[in-house]
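Remarks on the structure that follows.
Every chain is numbered from 1 and lettered A, B, ... according to where its sequence line falls, protein lines coming before strand lines.
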Amino acid sequence: MHDLAAITALGGSEPRVDTVADVTCTEVPDVALASVTARSSQETKAQKALTKLIGVTTPDIGRFAGDPVSAFWTGPDQWMVEAPFETHEDLAQQVKDAVGGTASVTEQTDAWTRFDLNGARVLAVLELLCPLNARKMAEGDAARAAIHHLGCFVLCHSPDAFSVYGPRSSAGSLHHTITTAMKAAL
Amino acid sequence: MTQANRLSGGLVDRNSTLSFRFDNRNYTAHPGDTLASALLANDVRLIGRSFKYHRPRGVLTAGSEEPNGIVELRTGNRQEPNTRATTAEVYEGLDARSQNRWPSLKFDALAINDRFSNFLTAGFYYKTFMWPAAFWEKLYEPIIRKAAGLGSLSMEDDPDEYDKGFRHCDLLIIGAGPAGLMAALTAGRAGSEVILADEDFALGGRLNSESFSLGDDSASDWAAATVAELSALPNVRLMPRTTVIGAFDHGIYGAVERTGDHVAALPAGKPRQILWRIYTKRALLCAGATERPIAFENNDRPGIMLASAMRTYANRFATTAAQRVAIFTNNDDGHRTAIDLRAKGVKIAAVIDVRDDAPINYDFEVLKGAQVVDTKGRLGLTFVEVALADGSRRVLECGALGVSGGWNPNVHLTCHHRGRPVWNDDLAAFVPGGDLPPGMTVAGAANGTLSTHGALLSGAEGAAKALGLKCALPDVPEAEDAAINQTPFWYVKGCARAWLDQQNDVTVKDVKLSHQEGFRSVEHLKRYTTLGMATDQGKTSNMGGLAIMAEMAGKSIPETGTTIFRPPYTPVPIATFGGRMKGQDFHPTRLTPSHYWAKERGAVFIEVGNWLRAQWFPLPGETHWRESVDREVRQTRASVGVCDCTTLGKIDVQGTDAAAFLNKVYCNGFAKLAVGKTRYGLMLREDGIAMDDGTAARLAEDHFVVTTTTANAVNVYRHMEFVRQCLFPDMDVQLISTTEAWAQYAVAGPNSRKLLQKIVDPEFDISNDAFPFMGCGNITVCGGLRARLFRISFSGELAFEIAVPSRYGDALMRRLMRDGEEFDVVPYGTEALGVMRIEKGHAAGNELNGTTTALNLGMGRMVSKKKDSIGSTLSEREGLNEPDALMMVGIKPVNADDKVTAGAHLMDASGPVDAQHDQGYVTSAAFSPSLDCHIGLAFLKNGGARQGERMRLVSPLTEENVEVEIVSAHFVDPEGERLRA
Amino acid sequence: MIIPHPLLGPRDSSEFVYLGDASLIDRPDWQAENAAEAFYDYAYLRGNPAGEHHELWYHEGGDRSWLVVTRNTVTHEISKVELARDVARAQGRSK
């Protein structure tokens with residue numbers, strides 16, 4: 001076991017939690033990510049392997065599925081696989097083992113930072129952040145959206161629970177933008 | 001102070017009294033008042049001075065079309081000029097001031113302009129201030145600006161916050177009058193997603209201004225009850241205080257919500273205004289209509305206003321401009337104002353109706369076939385002079401005059417895609433044409449349906465039609481359904497100083513003059529006279545100007561044309577467009593994995609794109625940046641230094657065709673690169689100019705990690721996707737950015753291997769034999785953490801780049817510093833990085849500057865002729881391969897104390913110094929601690945053959961003239977022994 | 001503007017990056033006899049129609065698909081949107 005200590009994307013040793021009125025923004029560092037892109041003419045096999053890995057049918061365009069290992073659609077024949085960091089720090093290797101030569105796999109764990117937004121009025125916050133029609137998003141929907149010029153993914157767990165993935169190096173700006181919108185909207 | 005002109009009834013809250021200030025005097029108002037209604041209630045008619053002639057002015061309207069009642073609100077850094085008193089809500093403590101007057105509103109020194117009005121006619125500035133040109137900036141413009149100012153700025157930063165937001169709906173209803181409310185009820189009850197926006201703080205539109213009833217309710221009660229029902233529907237969002245400012249492409253509307261203009265102090269974090277981008281499937285424009293004035297001599301005195309505005313002030317705000325008023329009208333609606341005012345106890349001096357067949361009324365005098373020919377009253381109306389039907393004159397005493405010239409549908413937003421309104425003879429007005437913005441329909445008065453019943457019905461039908469609803473429409477209450485009775489009448493014959501555009505001070509005489517001078521197109525008329533070009537876009541003036549122009553030309557109004565409107569509907573503060581994108585929040589900031597550590601070390605940071613990078617790390621006692629940078633260079637070259645190079649773009653390239661793909665995007669070959677090796681690659685644009693450079697490390701047969709320069713990371717990734725998807729769609733290659741995923745540090749210097757051996761786990765042999773120059777591979781560090789190691793060197797020293805997952809980057813940097821203590825390890829920043837790469841003669845952004853080719857960079861032979869790559873064909877063009885093409889060289893001052901600067905040009909040792917004799921230019925320069933003098937990289941004509949030549953380095957701008965020697969660009973270790981050590 | 005993405009449905013044009021004429025897909029053969037002229041035309045010559053135009057847009061803020069958008073440059077009406085990859089294949093491009 002190596003002896004280097006991790007810091008969160010916001011630079012702390014513990015994840016940051018901010019609450020404004022009834023909405024909470026939580027930094028979520030304990031997630032491992034790996035991208036999977038099917039190789040040419042291997043699309044069906046790659047999907048099959050991925051389905052086996054996440055235990056449910058590979059999510060369609062704009063959707064996510066699976067537990068505890070899940071995946072969301074990121075592009076044509078491309079998915080991002082998510083899993084708990086504790087148990088899946090080497091997720092990229094695990095995914096590569098599962099898909100073999102049918103897909104290209106790239107570790108993405110620390111390319112992203114995740115903030116979970118929870119609360120009854122979370123939609124009021126989201127409408128200040130991005131052009132997505134979040135009111136129409138249902139459980140299991142995943143969409144790309146620009147928040148403060150940052151290319152993010154927005155995942156809907158329920159009408160009052162969303163996850164936002166943004167580029168890790170801009171975690172501070174993204175966090176500032178989200179909490180500013182919370183103060184403005186709530 | 002008592003509110004002398006406060007009437008009974010109205011929609012203001014009399015249970016509560018607010019105090020406010022206007023021009024440093026205290027007044028009182030009630031919640032629900034606008035600044036204009038409150039001032040009128042306090043018997044204040046004079047509100048401002050006009051733009052050009054400084055004529056005393058009051059309010060003309062009761063809405064956002066107001067040209068005259070323009071004031072400054074608030075004080076200090078919240079001061080806002082050019083705000084319409086007719087829409088500003090009064091709140092406790094509001095501080096407002098008149099503008100465009102000096103020293104005071106009642107005595108304005110520049111009112112002298114009015115006496116010279118014969119000279120200040122249309123085109124005055126064009127004719128007068130033509131020459132000499134130099135006088136414009138120094139003399140004319142400052143004088144004109146001072147005289148013609150519309151309010152003043154605080155010159156301080158605006159402390160308020162502004163937001164942007166995004167909303168979606170099936171149907172956006174613009175305007176919450178009778179048509180809009182009925183439309184919302186129809187669509188809302190049917191379950192559609194509806195947004196109902198209105199610029200007013202009270203929804204209801206004219207229903208709040210009228211005395212008639214809707215069914216069993218008063219009009220305003222019906223409006224309130226409907227709003228209550230709508231606000232209970234979860235699928236309907238009501239947006240009062242929200243102006244829809246523009247109709248943009250594909251159903252996108254812009255809207256400004258004034259969330260904080262009506263409160264004395266905003267809670268922390270709350271925005272003053274929000275700019276909404278509303279995505280709609282359909283939009284229904286229910287913007288109503290605007291009454292138009294009639295022009296007559298001296299028609300701009302305070303107290304002269306639109307008759308419908310007078311009715312709004314009486315019925316909604318319970319106030320009147322004067323206790324004795326007259327009405328001047330060409331239609332029946334003007335009479336309604338007289339009836340309503342009389343019912344509130346205001347005396348009616350007379351209704352002056354231009355029509356011989358005007359209706360009679362037994363409660364007040366109606367002067368049929370009469371016209372107002374002049375008015376009196378220096379700071380406010382006192383008398384009007386009327387020409388009666390029999391030709392005799394009569395003077396009426398009154399403090400206010402309501403003018404009604406008919407109604408213009410508010411077609412503004414229908415024009416935003418260049419739609420042209422069409423003429424309607426019945427209304428004598430323009431109505432929306434057929435070429436509306438796609439998805440927009442128009443209902444109610446905006447569409448020319450002026451009766452209340454008609455508006456209600458067309459709102460319901462409009463919503464149902466727009467959404468394709470099949471359900472039954474809501475019941476439309478009984479309401480006023482009067483036919484339009486009017487005789488078009490634009491101006492009183494013989495008048496000259498009769499104002500059309502009160503905001504820009506354009507008179508009937510100006511329009512006639514412009515016609516005489518040959519300005520026959522409406523667009524020319526506008527620009528010559530400035531009619532309709534003020535902040536109100538001529539909402540109350542364009543029609544009058546057009547009618548007079550038509551008459552002069554002997555044509556009909558539609559033959560003469562119309563001007564169209566453009567966004568925004570009403571003025572929007574720049575701050576609202578800016579939103580939160582200002583200062584630190586102008587763009588996102590990217591932090592490197594070692595940022596927090598570098599901050600602790602006291603690093604000085606520099607912005608590189610969005611990144612913040614450590615520029616140098618000053619030590620206590622170092623007073624000049626050069627001290628720190630020179631030390632960092634010397635220490636790195638002497639032992640070992642560490643630099644965070646995470647910011648370089650990293651793209652993961654995988655697939656069975658990965659190598660073939662790189663062969664396409666790089667001009668040099670990659671197919672034969674062995675696994676475990678890295679190669680420098682140069683990327684060209686299709687026109688043969690260098691685009692970017694970097695390295696590609698082959699981690700497996702079908703897996704490369706490519707680096708790009710920091711600045712070009714996004715562009716290169718985009719370009720590679722273009723090549724993959726658009727040019728070679730069947731290549732089996734997959735791309736994804738991993739820039740952020742890995743913390744990557746350059747470890748450079750003769751002791752770099754020794755330092756890394758303390759970190760890299762012992763099972764990985766990184767000796768020179770096992771891990772030679774340009775080697776690469778997956779390793780583990782610090783007891784098992786996955787990492788990548790590349791033996792590449794930008795500094796020219798024995799060097800490595802080591803990468804770990806970003807979350808461990810902070811810890812790895814601290815470990816490198818701790819374990820490097822025995823080697824006197826030094827962290828270095830971007831300045832030392834730059835100095836060392838110049839010393840080594842490595843090209844960077846300054847050299848890959850969008851004008852240079854591989855040949856210029858000394859890498860002409862790298863462009864493989866054996867394969868097709870982007871840019872290879874066009875790089876062979878003759879013009880890019882002239883014998884005296886620029887080549888990269890090094891330069892050194894002959895006198896070691898001289899400085900060389902980037903941007904300076906090279907000239908022959910003797911001869912003229914001019915552009916024709918230019919030999920090249922310096923792209924990068926630095927003080928080299930290794931050579932103990934300044935050095936530079938330059939592009940020099942035929943530079944490859946000119947080593948040893950002495951030249952002059954000149955910069956005529958800074959009077960620099962230094963003797964330099966042309967040398968190899970590789971100042972340090974030209975044989976490359978160090979990096980292979 | 002709103003671009004109807006063939007996979008993702010209507011998306012705000014602010015998510016896209018514009019490149020230009022879709023003729024950039026028709027990259028000439030480097031070994032053809034007239035390669036120099038053909039590349040010159042390819043790199044520099046473009047139509048500038050007032051009307052229907054085939055153009056390349058990149059969904060940078062989305063799924064990173066290159067699209068061929070058929071757009072009327074006068075009215076901004078978008079009549080067709082295809083994945084550039086499909087267009088390229090249909091035009092015979094491969095490896």
Proximal component of [X], with respect to chain A [non-hydrogen, under 4.5 Å]:
{"X": "B:Tyr162", "answer": "neither"}
{"X": "B:Leu735", "answer": "backbone"}
{"X": "B:Asp702", "answer": "both"}
{"X": "B:Ile736", "answer": "side chain"}
{"X": "B:Thr739", "answer": "neither"}

Interface residue of largest heavy-atom contact number with chain A, from [options], under 4.5 Å:
{"options": "B:Gly655, B:Pro271, B:Ala268", "value": "B:Gly655"}
{"options": "B:Arg580, B:Glu161, B:Arg277", "value": "B:Arg580"}
{"options": "B:Ser806, B:Gly784, B:Pro593, B:Gly809", "value": "B:Ser806"}
{"options": "B:Cys782, B:Gly269, B:Ala743", "value": "B:Cys782"}

Just give me the residue among [options] that pairs up with chain B most often, heavy atom to heavy atom, under 4.5 Å.
{"options": "A:Ser104, A:Ser173, A:Ala185, A:Ala181", "value": "A:Ser104"}
{"options": "A:Thr109, A:Val20, A:Val105", "value": "A:Val105"}
{"options": "A:Ser41, A:Pro29, A:Ser40", "value": "A:Ser40"}
{"options": "A:Met1, A:Gln42, A:Gln78, A:Glu89", "value": "A:Glu89"}
{"options": "A:Leu128, A:Leu150, A:Thr37", "value": "A:Leu128"}

Compare all side-chain heavy atoms of [X] with those of [Y] and state whether any distance is below 4.5 angstrom.
{"X": "B:Glu740", "Y": "A:Asp110", "answer": "no"}
{"X": "B:Arg786", "Y": "A:Glu107", "answer": "yes"}
{"X": "A:Arg135", "Y": "B:Arg167", "answer": "no"}
{"X": "B:Arg815", "Y": "A:Asp3", "answer": "yes"}
{"X": "A:Ile7", "Y": "B:Tyr596", "answer": "yes"}

B:Lys270 side chain to A:Lys183 backbone, donor-acceptor under 3.5 Å: yes
When you measure from the side chain of A:His148 to the backbone of B:Met581, do you find a donor-acceptor pair of N or O atoms at a distance under 3.5 Å? no
Which atoms of [X] come close to chain B, meaning under 4.5 Å heavy atom to heavy atom: side chain ones, backbone ones, both, or neither?
{"X": "A:Leu10", "answer": "backbone"}
{"X": "A:Leu126", "answer": "neither"}
{"X": "A:Leu174", "answer": "neither"}

First locate atom OG1 of A:Thr106, then atom NE2 of B:His703, and finally report the distance between them rounded to the nearest 0.5 Å.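 Here the rounded value is 5.5 Å.
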Taking every non-hydrogen atom, the tightest pair across [X] and [Y]:
{"X": "A:Ala38", "Y": "B:Gln734", "value": "O-NE2, 3.6 Å"}
{"X": "A:Pro131", "Y": "B:Tyr279", "value": "CB-OH, 3.4 Å"}
{"X": "B:Val781", "Y": "A:His2", "value": "O-CB, 4.0 Å"}

Determine, step by step, whether A:His176 and B:Asp585 satisfy the side chain to side chain contact (heavy atoms under 4.5 Å, CB included) criterion, reporting the C-alpha distance in whole Å, the side-chain angles of both residues, the deciding distance to 0.1 Å, and the verdict. CA-CA 9 Å; A:His176 172 70; B:Asp585 296 335; 3.1 Å; yes
Under 4.0 Å between a side-chain nitrogen and a carboxylate oxygen: does that hold for B:Arg237 and A:Glu127? yes
Quick check: are there more than 12 heavy atoms from other residues, nucleotides or ligands sitting under 6.0 Å from [atom1] of [X]?
{"X": "B:Gln584", "atom1": "CD", "result": "no"}
{"X": "B:Lys582", "atom1": "NZ", "result": "yes"}
{"X": "B:Lys281", "atom1": "NZ", "result": "no"}
{"X": "B:Lys758", "atom1": "NZ", "result": "yes"}
{"X": "A:Glu14", "atom1": "CD", "result": "no"}

Walk me through it: do A:Lys136 and B:Glu193 pass the test side chain to side chain contact (heavy atoms under 4.5 Å, CB included)? CA-CA 11 Å; A:Lys136 291 282 174 208; B:Glu193 290 282 329; 3.8 Å; yes
